[in-house]
Amino acid sequence: MEILTALGTPAGRADPYPLYAALHEMGEAVQIGPGHVMVVGYEAINSVLRDPGFRVSDESSFDEDFPSWRANPVFVQAMDWILNLNDPRHARIRSLIARTFTARRVAGLEPAIAGMADGLLDAMAERGADGGAVEFMHDFAYLLPVTVICELIGIPEADREAFRPLARDLVAVFELNDVATLPAINAAAEELLAYFTALAARRRADPRDDLLSDLLAVSDSGDGRLTDAELLNNLTLLLVAGFETTTNLLGNGLQIILQDPPAGDAVRDGSAPPTAFVEEVLRFDSPVQLTSRVGYDTDVRGVSVSGNTEVITLLGAGNRDPRRFTNPGRFDPMRPDGGPLSFGGGAHFCVGAALARLEGAVAFPRLLRRFPKISAAGEPTRRDTLILRGFETLPVTVA
Ligand code: HEM
């Protein structure tokens with residue numbers, strides 16, 4: 001209980017890793033009160049996420065825990081998100097999305113990502129030319145992922161400026177700990193849905209080579225495989241799932257470099273491949289720290305679980321499990337025992353993993369080569385969040 005209480009404090013959230021180390025000493029899974037089990041071991045997390053007996057909380061859980069959810073547009077949308085669906089709906093919708101979100105489409109985005117990154121770096125260079133501080137989170141980490149998702153979906157450039165703040169408001173739904181934020185989240189959800197509805201009408205009339213046009217082709221193929229609502233609502237999911245997560249990958253990675261300059265030199269001179277660097281950032285400081293499942297009658301590493309148990313899988317702790325990783329607190333892109341849990345596992349494994357990895361692998365070498373002297377300019381501030389881990393501000397000098 002002491003460890004859990006500490007995890008709930010700002011200091012514990014700022015550096016949860018000593019607390020995770022203490023949890024590892026207690027075993028792979030820990031009962032944390034009636035109806036709640038926390039899984040911290042790498043292998044145990046992996047098996048829970050891959051076990052179809054464990055379900056995500058879906059509409060039925062919402063009906064029990066929050067019966068008035070239908071009054072909130074964001075939850076009406078969220079109940080169609082594949083993240084919150086179990087089979088058979090999950091398998092049906094996910095496979096259709098996966099058919100349009102192909103490796104070819106992701107790889108094809110590389111030149112656009114490089115171009116966007118260079119444009120943002122140009123602006124940072126200009127702003128920081130006098131040696132003053134520039135804000136990495138605001139000027140780069142926040143802008144790149146949302147622009148990339150816009151490009152992927154096929155949102156015209158002219159609309160993107162208006163789009164970003166809405167996406168930002170909507171992402172807050174993942175860390176909902178204050179109902180006072182619900183009106184802004186609902187408003188963003190409604191506005192985004194209205195926008196996607198209008199854009200879908202345009203793409204139906206005039207298809208392009210983008211994900212939205214492909215999804216429409218699937219949903220219009222006549223056998224009702226994807227309803228309009230399922231399609232449009234899962235577009236908003238792509239936006240929220242791919243935005244702040246990737247922003248935090250960029251911010252957490254840069255902070256590691258600022259504190260450990262040789263790690264940056266290795267990426268700059270190519271001795272650490274960018275993909276290996278990104279994998280190790282994901283492991284060392286995961287942008288998503290946890291996810292959860294609803295249990296069934298079974299046990300997790302000796303801790304009993306039932307249909308009423310909430311099973312919290314602490315991905316950030318699994319990534320530092322000393323049973324799985326040698327010297328887990330050491331940042332080492334060349335470690336032979338890589339394989340973070342940061343994108344989850346099993347049926348809900350992150351749809352955007354290849355895209356997020358590509359963004360990181362394109363962005364870090366460009367950033368570091370463009371700014372050989374990049375350094376911290378004061379203390380960064382953390383976002384005080386538990387699920388998503390990242391910075392609010394990360395000031396740097398680049399000249
Ligand atoms: C570093 C960046 C990212 C991280 C750390 C991350 C992490 C995750 C995790 C942990 C899950 C599984 C959640 C669970 O099992 O409950 C997930 C699912 C998902 N992610 Fe990502 N993600 C990232 C980027 C992206 C991007 C760029 C996109 C899309 C543009 C995306 C779209 C999704 C979707 C749609 C799901 C739901 C999959 C399903 O439920 O079947 N993610 N992500």
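Each residue takes its place number in the sequence, starting with 1. As the structure lists them, so they are numbered: ligands from 1, and atoms in each ligand from 1.
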Chemist: Between atom CE of M137 and atom CZ of R383, what is the distance when rounded to the nearest 0.5 Å?
Modeler: 8.5 Å

Chemist: Between M79 and L226, is there a shared hydrophobic cluster once you connect ILVMFWY residues whose side-chain heavy atoms come closer than 4.5 Å?
Modeler: yes

Chemist: Starting from atom 38 (C) of ligand 1, what is the nearest protein heavy atom, named by residue and atom, and what distance separates them?
Modeler: R94 NH1, 3.4 Å

Chemist: What atoms of ligand 1 come closer than 4.0 angstrom to any heavy atom of L315?
Modeler: 10 (C)

Chemist: Identify the closest protein heavy atom to atom 35 (C) of ligand 1: which residue and atom is it, and at what distance?
Modeler: L237 CD2, 3.7 Å

Chemist: Of all the non-hydrogen atoms in the protein, which one sits nearest to atom 7 (C) of ligand 1, and at what distance?
Modeler: S342 O, 3.4 Å

Chemist: Within the 4.0 Å heavy-atom shell around T246, which atoms of ligand 1 are there?
Modeler: 2 (C), 24 (C), 27 (C)

Chemist: Can you give each donor-acceptor pair under 3.5 Å made by side-chain atoms of residues 12-22, sequence neighbours left out, with the distance rounded to 0.1 Å?
Modeler:
residue: R13; atom: NE; partner: D384; partner atom: OD1; Å: 2.6
residue: R13; atom: NH1; partner: G8; partner atom: O; Å: 3.3
residue: R13; atom: NH2; partner: D384; partner atom: OD1; Å: 2.9
residue: R13; atom: NH2; partner: D384; partner atom: OD2; Å: 3.1
residue: D15; atom: OD1; partner: Y17; partner atom: N; Å: 3.3
residue: Y17; atom: OH; partner: F284; partner atom: O; Å: 3.3
residue: Y17; atom: OH; partner: D285; partner atom: OD1; Å: 2.7
residue: Y17; atom: OH; partner: Q289; partner atom: NE2; Å: 3.4
residue: Y20; atom: OH; partner: Q289; partner atom: OE1; Å: 2.6

Chemist: On the ring face of F54, is R293 found with NZ or CZ under 6.0 Å from the centre and within 45° of the axis?
Modeler: no

Chemist: I want to verify a count. Protein N, O or S atoms less than 2.8 Å away from atom 21 (Fe) of ligand 1, how many are there?
Modeler: 1

Chemist: What residue and atom, counting heavy atoms only, is the protein's closest point to atom 13 (C) of ligand 1, and at what distance?
Modeler: L83 CD1, 3.8 Å

Chemist: Please list, in number order, the atoms of ligand 1 under 4.0 Å from a heavy atom of A347.
Modeler: 41 (O)

Chemist: Under a 4.0 angstrom heavy-atom cut-off, which atoms of ligand 1 come close to L238?
Modeler: 29 (C), 30 (C), 35 (C)

Chemist: Can we say E43 and R301 salt-bridge, meaning some charged N sits less than 4.0 Å from an Asp/Glu carboxylate O?
Modeler: no

Chemist: Are Y296 and S306 close enough that some pair of their side-chain heavy atoms sits under 4.5 Å apart?
Modeler: no

Chemist: Can you tell me if S286 uses its side chain to pair, donor with acceptor, with the backbone of G316 under 3.5 Å?
Modeler: no

Chemist: Kindly say whether the aromatic ring centers of F163 and F196 come within a distance under 6.0 Å.
Modeler: yes

Chemist: So which of H348, R389, R357 gets nearest to atom 39 (C) of ligand 1, if we judge by its closest heavy atom?
Modeler: H348

Chemist: State whether D214 and R99 are salt-bridged, where the test is any N-O pair (Lys NZ or Arg NE/NH1/NH2 against Asp/Glu carboxylate O) under 4.0 Å.
Modeler: no

Chemist: Please step through side-chain contact (heavy atoms from CB on, under 4.5 Å) for the pair F325 and R335, ending with a clear verdict.
Modeler: CA-CA 9 Å; F325 297 102; R335 66 168 54 247; 4.0 Å; yes

Chemist: Is the shortest side-chain N to carboxylate O distance from R70 to D63 below 4.0 Å?
Modeler: yes

Chemist: Applying a 4.0 Å heavy-atom criterion (strictly less than), which segment of T291 is in contact with ligand 1: side chain, backbone, both, or neither?
Modeler: side chain

Chemist: Any ion pair linking R89 and D80 (charged N to carboxylate O, less than 4.0 Å)?
Modeler: yes

Chemist: Hey, does H90 sit under 4.0 Å from ligand 1 if you only count heavy atoms?
Modeler: yes

Chemist: For R293 and ligand 1, answer yes if some heavy atom of the residue is under 4.0 Å from a ligand atom, otherwise no.
Modeler: yes

